[in-house]
Amino acid sequence: MRIAVVGSGYVGLVAGACFAELGHQVIVVDNDEPRVAALKNGQVPIHEKFLPELLQRHRGKRLEFSTDLHEAVRASQAIFIAVGTPPTDRGDADLSYVESVAREIAGAINEYTVVVEKSTVPVYTSDWVRKIILRNGADPNSFDVASNPEFLREGTAVTDFLFPDRIVVGCDHERCCAVLREIYLPLTSGSYYESADAIPQPDSAPIPPPIIVTSTKSAELIKHASNAFLAMKISFINAVASLCESVGSDVSQVCQGIGSDSRIGPRFLNPGVGYGGSCFPKDVMAFRAVARECGYDFRLLEEVMRINEDQRERFLRKVRSALWTLRGKQLAVLGLAFKGGTDDIRESPAILIVKALLQEGCKITAYDPAAMERTQEVISSNVKFANSAYEAAHGADALLILTEWEEFANLDLRRLREKLRYPIVIDGRNLYDPEVMAEQGFTYYSVGRAAAHPDGVPAALKPERSRQK
Ligand code: UDX
């Protein structure tokens, strides 16, 4: 298949590289000239496992980069729109980039073309894309509009694309559906997985993946509803964690108990400092706005967002209750990215917490394996950056864990304790067992579990003096 992908951001670049990997001829189009030039030169603008290999493998062969949308449309049978849909001040998605791409496509269509929404968009977008293309002079028989949402997670985007739980294809006409089925055939038939140089299969990936064919509107809804549901699951467990703190029970035991019900499942039940990233916060807000516009007041989503914000506030209260006054305190912060395995700090709860602590007069030394450069662009004063967790901990009044990086779950605890001025750890991601931390000499606070103290006395009952060495 000849495919154009419009937008070389996270979704566009990964989709373009993966379509080439499936054997298609792909042009990735972007109007950002320096970005296209960098991609042509072999640069990889995002931190994503296997992406450098795929770009290297296909660049200049099955994968091209261009700024010329008109030509790309003429050369392609399917156009995937993967441009940004940032939130407006009212919380809904700004679709002006989608509209301008639709207008340009209209002027270029010369043979039957399938126009596919790949960006996360509100449920009525396909109707609008169709209207805009018609308004701008395209023949109604020369195109169809489909929706093919992606469910890529940052850090595992390439394997999420090539080994998906499911492929959702929303189209209202058989001819358009046939094009999409053909594009994904290497995955749905399983033939891709037999090739010798296929990207390695992650654990528990269902191969071949099922393809779910729906109406265009249903596919648009599936994407928003999936992200909103996952965000709701996180807020739900965060609310349960707060209750656990009030009654003195342990949220990890509660999670095990509810997560082993196969109807609920254990995934996305990790309490913490709340969800962040470029998708959940934006999509929950946009879904809320879409529902309102369509006449349904989706108040549940309001609560999902409120619990998420509250979770950061609760963490700050925990820091205050562990350290009393904050002005002038030296804190070590582990983690700045919105989750482990990425350098992305968009809507990162870690960044919001660091900013709040700085406002209260704390001095911070932070360490993150990938996100420090990006953080320096948004926070500069009163934050020092360290080269390791131990360097960050050196001389600190307490250590805060804000991102669930794997390396933070495997620290040398003795070394850490020796570095800290006071052995106090406030863990916003529940990476450690409270009992183990207490045995190792730490006063340890986490989310939804009782605080632990070296000599077994609940931390809340210990005077601050006796916790110092
Ligand atoms: C998400 C969706 O998972 C993906 O399907 C969609 O395409 C884009 O949005 P992503 O934003 O990359 O992907 O991150 P994800 O791994 O889902 O985590 C989102 C946030 O939730 C992170 O801040 C993470 O720390 C937090 N989280 C996740 C929790 O707090 N608890 C959990 O149990 C899981």
Side-chain angles (χ1 to χ4, degrees), residues 7-11 13 32 34-35 38 43-48 83-89 91 93-94 97 153-155 157 231 234 272-286 305 308-316 319 326-389 391-393 396 398-405 407-408 426 428-429:
S8 67
Y10 228 97
V11 176
L13 193 55
D32 180 340
R35 191 173 174 92
Q43 288 176 28
V44 186
I46 54 174
H47 183 86
E48 197 59 58
V83 295
T85 54
T88 68
D89 292 343
D94 175 356
Y97 300 112
R153 287 163 301 170
E154 290 191 20
I234 298 168
V273 285
Y275 60 77
S278 64
C279 291
F280 284 173
K282 170 173 87 79
D283 289 351
V284 175
M285 204 159 62
M305 294 187 271
N308 199 50
E309 279 162 29
D310 204 34
Q311 206 58 16
R312 291 196 299 271
E313 215 21 76
R314 289 182 71 86
F315 185 80
L316 288 167
V319 178
L326 293 184
R327 182 158 303 283
K329 292 268 160 75
Q330 175 68 48
L331 302 179
V333 162
L334 298 190
L336 298 162
F338 81 95
K339 66 170 189 178
T342 174
D343 62 348
D344 197 339
I345 55 163
R346 283 177 289 175
E347 301 292 322
S348 169
I351 297 286
L352 296 167
I353 289 170
V354 165
K355 283 186 173 169
L357 291 168
L358 288 174
Q359 267 197 337
E360 299 206 28
C362 296
K363 287 182 232 141
I364 289 177
T365 304
Y367 168 68
D368 186 288
M372 292 197 289
E373 224 178 284
R374 297 225 161 151
T375 305
Q376 278 162 19
E377 291 163 17
V378 295
I379 304 177
S380 52
S381 53
N382 288 332
V383 177
K384 286 193 197 135
F385 295 93
N387 289 315
S388 71
E391 193 185 312
L399 177 100
L400 275 46
I401 303 178
L402 301 182
T403 305
E404 67 275 44
W405 280 96
E407 86 169 65
F408 298 161
I426 310 166
R429 296 293 189 167

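Remember, it's a predicted structure, so these values are computed and weren't measured experimentally. Heavy-atom basis, side chains included; hydrogens, waters and symmetry copies ignored. The residues of the chain are indexed from 1 along the displayed sequence.
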So CD1 of I364 and CG of L357: to nearest 0.5 Å the spacing works out to 5.0 Å
Drop me the distance from E391's CD to Y367's OH, to the nearest 0.5 angstrom.
10.0 Å
Of all heavy-atom pairs between G335 and A350, which one has the smallest distance, and what is that distance?
O-CB, 3.4 Å
Give me the atom names and distance for the closest heavy-atom approach of K282 to T85.
NZ-OG1, 3.2 Å
Say you draw a straight line from CG of L334 to CG of L400; how long is it, rounded to the nearest 0.5 Å?
8.5 Å
Is there a donor-acceptor pair under 3.5 Å between the side chain of K355 and the backbone N or O of I379?
no
R35 (side chain) donor-acceptor with S8 (main chain) under 3.5 angstrom:
yes
Heavy-atom nearest pair, E154 first then S278, reads OE2-OG, 3.4 Å
Taking the side chain as every heavy atom from C-beta outward, state whether R429 and P349 have any atom pair closer than 4.5 Å.
yes
Say you draw a straight line from CG of D343 to CD of E48; how long is it, rounded to the nearest 0.5 Å?
9.5 Å
Nearest heavy atoms of A371 and I345, plus distance in Å:
CB-CG2, 3.7 Å
Measure the shortest side-chain to side-chain distance between F280 and M305 over non-hydrogen atoms and say whether it is less than 4.5 angstrom.
no
Would you say CZ of F385 has more than 12 non-hydrogen atoms from neighbouring residues, nucleotides or ligands within 6.0 angstrom?
yes
If you count heavy atoms of other groups shown closer than 6.0 angstrom to CD of E373, is the number above 12?
no
Value for OH (Y275) from CG (D283), rounded to nearest 0.5 Å, stands at 10.0 Å
Evaluate the side-chain proximity of I353 to V273: yes if any heavy-atom separation is below 4.5 Å, no if none is.
yes
Measure across A386 and A392 and return the closest heavy-atom pair with its distance rounded to 0.1 Å.
CB-N, 3.5 Å
Exercise: identify the closest heavy-atom pair between R374 and P45
NH2-O, 4.2 Å
Can a donor-acceptor pair be found, under 3.5 Å and without considering hydrogens, that links the side chain of S348 to the backbone of L336?
yes
Reported CZ-to-CZ distance for the pair F338 and R346, which is rounded to 0.5 angstrom:
8.0 Å
